[in-house]
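First comes the structure, then the notes that go with it.
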2 protein chains.
Amino acid sequence: MHIKAVTLDRMFHALADPARRSMVDRLINGPATVSDLAKPLAMSLPAVVQHLAVLENSGLVKSEKTGRVRTCRIEPKALRTAEDWINERRTLWERRLDRLGEFLAEMGDSDKKLEEKKP
Amino acid sequence: MHIKAVTLDRMFHALADPARRSMVDRLINGPATVSDLAKPLAMSLPAVVQHLAVLENSGLVKSEKTGRVRTCRIEPKALRTAEDWINERRTLWERRLDRLGEFLAEMGDSDKKLEEKKP
DNA sequence: ATGATACTTAAGTATGTTCTTAAGTGTTGA
DNA sequence: TCAACACTTAAGAACATACTTAAGTATCAT
């Protein structure tokens, strides 16, 4: 299935920041509050809330507020979306190399120095 | 093996743009010149060159110039770095869920409504 | 009720990104 | 030689990001 471009934009953008990745790392170990996420980070709480907004907007994280505490958790399905995109490219690339290999084999071993070295 | 944060920053940032992903898609099918990469994109050539610089800076693409033509190709190992990061998180996540499952099993089926619904 | 807690909102600043156009460099084919 | 070609460089406009501090709003414990 094909993934919408905007979804991938937001997803990869969300992962392109060390603070946000560290928040994801924390959430891998289970749900956490906003303060929990902020504790190890060298920035103000509003900054963390903004990063959280980016993560939520990308679909990687969901959160809900109970009383005065907001609890955040990962959405592992979203992580998979990003992984799938990359995986699909790697697969296509390997398939191409296979075709190239077959082609070279058909040409015989004599003139193998056409255009590409071994991967 | 642990990946440097800056590397992941650059990698995910490079993938967070549709023009750059389309360039990666094109390169999956084999090497291409800068003009080849520019052809399907609705932007000026200098803009494409700038996107190419971002891709090269991330390590996802390498290029070399012969005469007046610059030929670009993917670096599949780099794609794998990003995939590995995500994969590691997914694995940790699943391992956590397993531990949680065992814990709930030990508690007996009676009071299973503790904190989490089914994944 | 009152103060502490846990965010939340607003506004501002500095920096980074993504494009543009215009002009320049080195290569190639007629 | 000289014009077309394939970039390359530079500079700037428009917008987005990543913070900050200051002030505000619920909730909770006492």
Side-chain angles (χ1 to χ4, degrees), chain A residues 4-27 30-74 82 115, chain B residues 5-27 30-73 82 115:
Chain A
K4 262 207 300 226
V6 183
T7 306
L8 288 167
D9 286 6
R10 294 206 253 239
M11 193 96 76
F12 284 128
H13 172 237
L15 293 176
D17 181 283
R20 287 193 294 263
R21 284 199 307 278
S22 106
M23 289 165 78
V24 168
D25 276 342
R26 169 61 189 80
L27 291 173
T33 69
V34 175
S35 308
D36 287 341
L37 293 176
K39 214 162 290 169
L41 298 174
M43 63 179 68
S44 66
L45 200 109
V48 173
V49 172
Q50 282 163 26
H51 281 302
L52 181 60
V54 172
L55 285 167
E56 290 212 52
N57 195 242
S58 78
L60 282 165
V61 167
K62 300 237 157 133
S63 76
E64 58 178 314
K65 199 165 179 176
T66 310
R68 62 186 165 175
V69 177
R70 178 171 295 279
T71 305
C72 315
R73 57 188 71 240
I74 307 198
E115 53 158 324
Chain B
V6 184
T7 306
L8 287 168
D9 286 6
R10 294 207 254 239
M11 193 96 76
F12 285 128
H13 170 66
L15 293 176
D17 181 282
R20 287 192 294 263
R21 283 198 307 277
S22 106
M23 290 165 78
V24 168
D25 277 340
R26 168 65 190 78
L27 291 173
T33 68
V34 175
S35 307
D36 287 342
L37 294 177
K39 215 162 290 170
L41 298 174
M43 63 178 69
S44 67
L45 202 110
V48 173
V49 172
Q50 281 164 24
H51 281 302
L52 181 61
V54 172
L55 285 167
E56 290 211 53
N57 196 243
S58 78
L60 282 165
V61 167
K62 300 239 157 131
S63 77
E64 57 178 315
K65 199 165 181 177
T66 312
R68 63 184 165 176
V69 178
R70 178 171 295 279
T71 304
C72 315
R73 59 187 72 240
E115 53 158 326

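None of the values given here were measured: they were computed from a predicted structure. Here is the naming used below: chain letters follow the sequence lines, and residue numbers restart at 1 for every chain.
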If I take atom [atom1] from residue [X] and atom [atom2] from residue [Y], how far apart are they, to the nearest 0.5 angstrom?
X     : Y     : atom1 : atom2 : answer
A:L15 : B:L15 : CG    : CG    : 10.0 Å
A:L27 : A:L55 : CG    : CG    : 8.0 Å
B:H13 : B:N57 : NE2   : CG    : 9.0 Å
A:S63 : A:E56 : OG    : CD    : 3.5 Å

What is the separation between atom [atom1] on [X] and atom [atom2] on [N], rounded to the nearest whole Å?
X     : N      : atom1 : atom2 : result
B:D9  : C:dT17 : CG    : C1'   : 15 Å
A:H51 : D:dT17 : NE2   : P     : 12 Å
B:N57 : C:dT18 : CG    : C1'   : 16 Å
B:L41 : C:dT18 : CG    : P     : 14 Å

Practice task
State, with a plain yes or no, whether a side-chain heavy atom of A:R21 is found less than 4.5 Å away from one of B:D9.
Solution key: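 The answer is yes; the side chains approach within 4.5 Å.
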Problem - B:S22 versus B:D25, side-chain donor and acceptor atoms under 3.5 Å - result: no
Problem - Earlier contact from the 5' end, DNA chain D, for A:T66 and A:M43 - result: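 Nearest-nucleotide comparison on DNA chain D picks A:M43.
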Exercise for the section: For side chain to side chain contact (heavy atoms under 4.5 Å, CB included), just list the numbers for A:V24 and A:I74, CA-CA rounded to whole Å, side-chain angles, deciding distance to a tenth of an Å, and then say yes or no. Expected result: CA-CA 7 Å; A:V24 168; A:I74 307 198; 4.3 Å; yes
Problem - 5' precedence on DNA chain C between B:A47 and B:G67 (nearest-nucleotide basis) - result: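 Per heavy-atom nearest nucleotide, the more 5' residue is B:A47.
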Check residues 37-53 of chain A and write down every donor-acceptor pair under 3.5 Å in which the side-chain atom is one partner and the other belongs to a residue at least two apart or another chain.
from, atom 1, to, atom 2, distance (Å)
A:S44, OG, A:A47, N, 3.4
A:H51, ND1, A:R20, NH1, 3.1

Problem - Per-nucleotide protein contact string for nucleotides 5-16 of chain C (B base, S sugar-phosphate only, - none; heavy atom under 4.0 Å) - result: BSBBB-B-----
Exercise for the section: Kindly state which residues belonging to residues 11-18 of chain B come within less than 4.0 angstrom of DNA chain C, counting heavy atoms of the residue only, listed by number. Expected result: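 The answer is B:H13, B:D17.
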